[in-house]
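Because only heavy atoms are used, hydrogens play no part in the values below, and waters and symmetry mates are left out as well, while side chains stay in. Every chain is numbered from 1, with letters handed out A, B, ... down the list of sequences.
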Number of protein chains: 2
Amino acid sequence: MKKEEKAKIDQSTEEKIKAAAYKLFTQKGYAATKTRDIAEEAGINLALLNYYFRSKEKLFELIMADNMKQFMFSVVSITNDDNTTYQEKIALIAETYIDMLIAQPDMPIFVLSEIRNDPSGLIKKMNFDDIILRSLFIRQLKSAVEGNEITPVDPLHIIMNILGMAVFPFIGSPVLKKIGGMSDESFNAMMRERKKLIPLWLHEMLRKKG
Amino acid sequence: MKKEEKAKIDQSTEEKIKAAAYKLFTQKGYAATKTRDIAEEAGINLALLNYYFRSKEKLFELIMADNMKQFMFSVVSITNDDNTTYQEKIALIAETYIDMLIAQPDMPIFVLSEIRNDPSGLIKKMNFDDIILRSLFIRQLKSAVEGNEITPVDPLHIIMNILGMAVFPFIGSPVLKKIGGMSDESFNAMMRERKKLIPLWLHEMLRKKG
DNA sequence: GTCTATATACGGATAGAC
DNA sequence: GTCTATCCGTATATAGAC
């Protein structure tokens, strides 16, 4: 028996359903995922899904919240760490995201494509503005600008660049793999390279010019 | 009567259906879009959809192909232009993409999230490798590396960076707007800023050090 | 070409036995 | 808690009148 199957048996039924739902929702999105598929993937009966979670939608909201939490808040501890400079924070954000996304490459496209339809107004409810824009990271960036250490730029541009360079390759991976003729493993190797490169690139971008 | 409505009337039925399908598929994805919604949006009868396009799937493939074409191939003419340097090409790619995405912000997440399930193996069929990696743009980049003009780097990293910086903000726009407390218009203004900034940033990244 | 009415299948959810 | 059988709404697609 494979390890994977054994692990599945060791889980409680509820956990098996959650794991299956996580996998399928994240891979295919809400509308394209059928409750029957989840049941089959979990190796359980369809009726049990409703027994444990009442409805497809309830189950989805649970999974979605989990994903959002990981995707958005894994960086909060980094951006507010008193013991690191903004440069170190940039490196840590890139590393953390890339490591996370190598393990769960479908997460960002899932989160961002489900968000676009604003199913239950999830984003509106959260206060990213406070969490990000008032973070120590942003304050450190601003004070570096004021102290004439780096070239003046809207911190939002920097955030877009870090996320764009770290997250976008995973969203576009099918196309990028095709372009580069890369296997999954060589793609991942390239992403690991980027953990080192992104901080360097950001450093060059922010460098005070002549 | 509004211009928009008049334009709708002036279109043939087939065009109305295609326009409605384009809008809804791109906004909500294949599985979440109902043929009834398309019919209603087009202001026609449901039966006509099948009369003209035989099935939801056929209609989808048509729209998808259109989107792919725009999303991927609008840059081909730029990347093979004999009369521009690689620096000018970078600027043109950023400008072209950002202009396109301001007009059609849902396009990339639609294309990339539908691609992920590899519905009919669309990407596998296209030869991006030839189109991109053998483009003049890439050859110009490589020869600049060999000529010791810029810092050595895999051209794929550069492609990821250009696309990441230009395209990702649109994919993440709901979250980014929330973070920055931006309206649609101020978001677009920021994207227009990026048309100028991205080439500058790329220039700094590629700059020969030490 | 365009409509109404309908066939057919599918997917979410529940009833009820064990 | 877990299963089988089934209900019922919804979605795609078509038949057939006009």
Lys/Arg-Asp/Glu bridge criterion (N-O < 4.0 Å) met for B/Glu114, B/Lys28 | no

What residues 26-35 of chain A contributes to the DNA chain D interface at heavy-atom separation below 4.0 Å is none

Picking from D/dT4, C/dA13, C/dT4, the nucleotide nearest the side-chain atoms of A/Asn45 would be D/dT4

NZ of B/Lys58 versus P of D/dT14: gap in Å, rounded?
-> 12 Å

Any donor-acceptor pair under 3.5 Å linking the side chain of B/Lys178 with the backbone of A/Met126?
-> yes

Over how many whole Å does the gap from A/Ile44 atom CD1 to D/dC3 atom P extend?
-> 7 Å

Can you check whether A/Thr84's main-chain N or O pairs, donor with acceptor, with A/Gln140's side chain at less than 3.5 Å?
-> yes

Specify the residues of residues 46-56 of chain B, ordered by number, for which at least one heavy atom lies under 4.0 angstrom from an atom of DNA chain D.
-> B/Leu46, B/Ala47, B/Asn50, B/Arg54, B/Ser55, B/Lys56

Which whole-number value in Å describes the distance from B/Glu40 CD to D/dA11 P?
-> 12 Å

Would you say B/Glu40 has more than 12 foreign heavy atoms packed within less than 6.0 Å of its CD?
-> no

Between CD of A/Glu57 and P of C/dG11 the distance, given in whole Å, is 18 Å

Between B/Arg134 and B/Asp129, is the closest basic N to carboxylate O distance under 4.0 Å?
-> no

In this structure, are over 12 heavy atoms from other groups packed under 6.0 Å from A/His203 atom NE2?
-> no

Is any NZ, NE, NH1 or NH2 atom of the basic residue among B/Glu185 and B/Arg192 found under 4.0 Å from an Asp or Glu carboxylate oxygen of the other?
-> yes

A/Ile17 CD1 to C/dA13 P: how many Å, rounded?
-> 13 Å

Could B/Lys177 and B/Asp184 be called an ion pair, given the rule that one side-chain N must be under 4.0 Å from one carboxylate O?
-> yes

